Amino acid sequence: MKNAIYKYSEPKNEPVLQYGPTSNERLKLVSALNQIESEVYDIPLIIGGKEIYTGITEEIRMPHDHRKVLGRFHLARPEDVKMAIDAAMKAEKIWATFTWDERASINLRIAELVATKYRFLMNGSTMMGQSKNAYQAEIDSACETIDFLRFNTHFVSNIYHEQPLSVPGIVNKLDYRPLEGFVFAVSPFNFTAIASNLSMAPILMGNSVLWKPASTSILSNYYLMKIYQEAGLPDGVINFIPGSGPVIGNEVFSHRNFAGIHFTGSTKTFNNMWKTIADNMANYRSYPKIVGETGGKDFVFVHPSSDALEVATALVRGSFEYQGQKCSAASRAYVPKSLWNQVKSYMGDMLAEIKMGDVRDFSNFVNAVIDEKSFDNIMGYINHAKSSSEAEVVFGGIGDKSVGYFIQPTVIVVSNPHYKSMEEEIFGPVLTVFVYEDEQFEETLHICDETSPYALTGAIFSRDRSALIKASDILRYAAGNLYYNDKPTGAVVGQQPFGGARSSGTNDKSGSYLNLLRWVSPRTIK
């Protein structure tokens, strides 16, 4: 029986490799890309450590070259989901025998494997399957994935050391129990790191998980699952079950041992899940923990005192990195009339230099949107703006899906602050700008606050401190992550805990101890 008390010190964020033209890391990444392209993947379910080939498959295609089939993946049937639940419940008993520091050791081993042995395969699979350029893949599937794993180990160390006050004659203790049942992790396509954190955060706290990855990120997520196994995660602690949301959800949400959901995706889907859970409440052993990060309509609000070049840089970077497919991407901007022409000119110069194309050409800043459905949806907003008397497309506006799902970075200027593309989530390379009269700064702040149902990220630009304070006060509940004089993207684990409220989710702040607390059911012992 071990009697040592472990304390994991705060780690440093993983350094970002730059992939310069003659760098060693670029050579290794190109080799990984070639390896991925040369293989034909046949990706199974993994339940209780066993690979399950259902024969019901979908193809994995590259978004930037949809003629290229990377392989196929198998979809879960109802009986597979039931098998996964049984495996999770069986593994839960084994996992409960592991001390928290042993669980943490596996976490750190996974981080080490991603940082070293599998770094370039993780990045390459994210590039090829999710159409991220090398830098966007590096900060996601390598650095942020590693940071979640290492920082969560530090956070859990602090959590377990937090104990209540004891007084003479009485000893009081907190027992941080895992939830009673299994956790359902539902991950999105846009961040490999999010997929890892959604599955691994509950695991670290002693839970077992059913993980449904997004169909459009299967390749990188499958590599993650194989890394978990190599790191020594016991069979059944995570069960990898790609498939249809309704098919899997019907089995999960009706099961007595459903204990929680860790979700990132659309607001509509999350709302439907919440309703289904509520309708099944009488069937559950305990109240499920419902944790979700959902939609966003992220803003940049500019005061007349701002620096036009800084604003333009933030708008281009914040709106068009990864084709605007970040939950935090700048999607609407409020720019004073006195600055707009200057900001517009700077943006035009920057956009003229941006290259768009295949991820294997490292000079391309913009790549493809994730699939045809997304392409058609985004182009619908652009075409609506082209025909509207309230909107003008000033940059971009062209899409081509003949080879890949490519859409030019698009900037729309509107006369109506409640125009369609100012209010609705688009999730693509589209920024809508409302140019306001300088003297209507405060009035326009209230419009910004009341326009969108979402409240994920936002940015305020101002060199006037009093205006910055006023804007921050009026927009206090408009964003869970607020940035001063910076783009509203790029939250770093351990530095900017991430999450929003209103229709953007439950604001449980991934990248901090706050999220981990949702995956325990504390017991007080006197």
Side-chain angles (χ1 to χ4, degrees), residues 11 14 17 25 28-29 31-33 35-36 39 41-52 60 70-71 73-74 84 87-88 91 95 98 102-130 132 137-153 156 183 185 187-189 191-205 207-214 217-242 262 493 510:
E14 177 70 9
L17 302 182
E25 61 259 26
K28 290 180 178 179
L29 180 56
S31 176
L33 291 170
Q35 176 185 333
I36 291 164
E39 294 188 23
Y41 291 85
D42 188 22
I43 296 177
L45 286 63
I46 301 178
I47 298 173
K50 297 179 180 178
E51 298 186 346
I52 308 294
I60 306 168
L70 293 171
F73 64 96
H74 293 255
W95 197 226
F98 282 59
E102 288 168 337
R103 298 197 303 268
S105 294
I106 293 175
N107 224 50
L108 292 176
R109 177 58 179 155
I110 295 167
E112 186 66 16
L113 287 170
V114 174
T116 55
K117 182 177 179 182
Y118 293 107
R119 188 187 201 103
F120 304 106
L121 276 173
M122 285 303 307
N123 287 350
S125 60
T126 298
M127 291 171 69
M128 298 289 260
Q130 292 143 264
K132 285 197 173 187
E138 168 71 11
I139 61 176
D140 166 25
S141 48
C143 297
E144 190 171 29
T145 300
I146 295 161
D147 285 350
F148 272 130
L149 293 162
R150 289 178 176 165
F151 274 87
N152 281 350
T153 301
V156 76
V183 174
S187 59
F189 77 84
F191 277 89
T192 304
I194 293 176
S196 177
N197 189 54
L198 292 183
S199 56
M200 284 304 299
I203 294 296
L204 182 60
M205 306 310 292
N207 299 279
S208 57
V209 165
L210 267 66
W211 174 23
K212 180 200 172 302
S217 61
I218 288 292
L219 186 56
S220 63
N221 291 188
Y222 176 65
Y223 271 117
L224 273 176
M225 185 65 193
K226 298 301 285 184
I227 292 169
Y228 296 164
Q229 292 181 300
E230 183 172 331
L233 192 68
D235 293 343
V237 175
I238 290 184
N239 299 279
F240 181 78
I241 49 169
H262 206 190
V493 175
S510 60

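Predicted model only: the values in this text are computed from it and were never measured. The first residue of the sequence shown is numbered 1, and numbering continues consecutively from there.
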Across all chains, not counting sequence neighbours, the salt bridge (charged side-chain N to carboxylate O under 4.0 Å, His left out) partners of Glu39 are none
Those residues at least two apart in sequence (or on a different chain) that pass salt bridge (charged side-chain N to carboxylate O under 4.0 Å, His left out) with Glu138 are Arg119
Identify, with sequence neighbours excluded, every residue that meets side chain to side chain donor-acceptor pair (under 3.5 Å) alongside [X].
| X | result |
| --- | --- |
| Ser510 | none |
| Glu51 | Tyr53, Lys226 |
| Asn207 | none |
| Tyr228 | Ser196, Ser199 |

Residues at least two apart in sequence or cross-chain that pass ring-ring contact (aromatic ring centres under 6.0 Å, His included) with Phe240, listed by chain then number, are Trp211
For this session: Show the numbers, then the answer: is there a side chain to side chain contact (heavy atoms under 4.5 Å, CB included) between Phe148 and Met200?
Result: CA-CA 9 Å; Phe148 272 130; Met200 284 304 299; over 6 Å; no
In Å and rounded to the nearest 0.5 Å, what is the [atom1] to [atom2] distance from [X] to [Y]?
| X | Y | atom1 | atom2 | answer |
| --- | --- | --- | --- | --- |
| Asn197 | Asn152 | CG | CG | 5.5 Å |
| Leu121 | Leu33 | CG | CG | 9.5 Å |
| Ile47 | Leu210 | CD1 | CG | 8.0 Å |

The complete set of salt bridge (charged side-chain N to carboxylate O under 4.0 Å, His left out) pairs with one or both residues in residues 233-242, sequence neighbours excluded, reads none
So salt bridge (charged side-chain N to carboxylate O under 4.0 Å, His left out) across residues 120-129, not counting sequence neighbours, yields none
Pairing residues for [X] by the side chain to side chain contact (heavy atoms under 4.5 Å, CB included) criterion, not counting sequence neighbours:
| X | value |
| --- | --- |
| Ile227 | Ile110, Leu113, Val114, Tyr118, Met122 |
| Thr126 | Gln130, Lys132, Ala137, Asp140, Ser141, Thr192, Ser220 |
| Pro11 | Arg150, Phe151, His154 |

Quick one: does His262's side chain have a donor or acceptor within less than 3.5 Å of a partner on Leu198's backbone?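 Yes, because the side chain of His262 sits within donor-acceptor range (under 3.5 Å) of the backbone of Leu198.
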Quick check: does any side chain N or O of Ser208 sit under 3.5 Å from a backbone N or O of Ala88, one acting as donor and the other as acceptor?
yes
- Query: Step by step, would you call Leu17 with Leu29 a side chain to side chain contact (heavy atoms under 4.5 Å, CB included)?
  - Reply: CA-CA 11 Å; Leu17 302 182; Leu29 180 56; over 6 Å; no
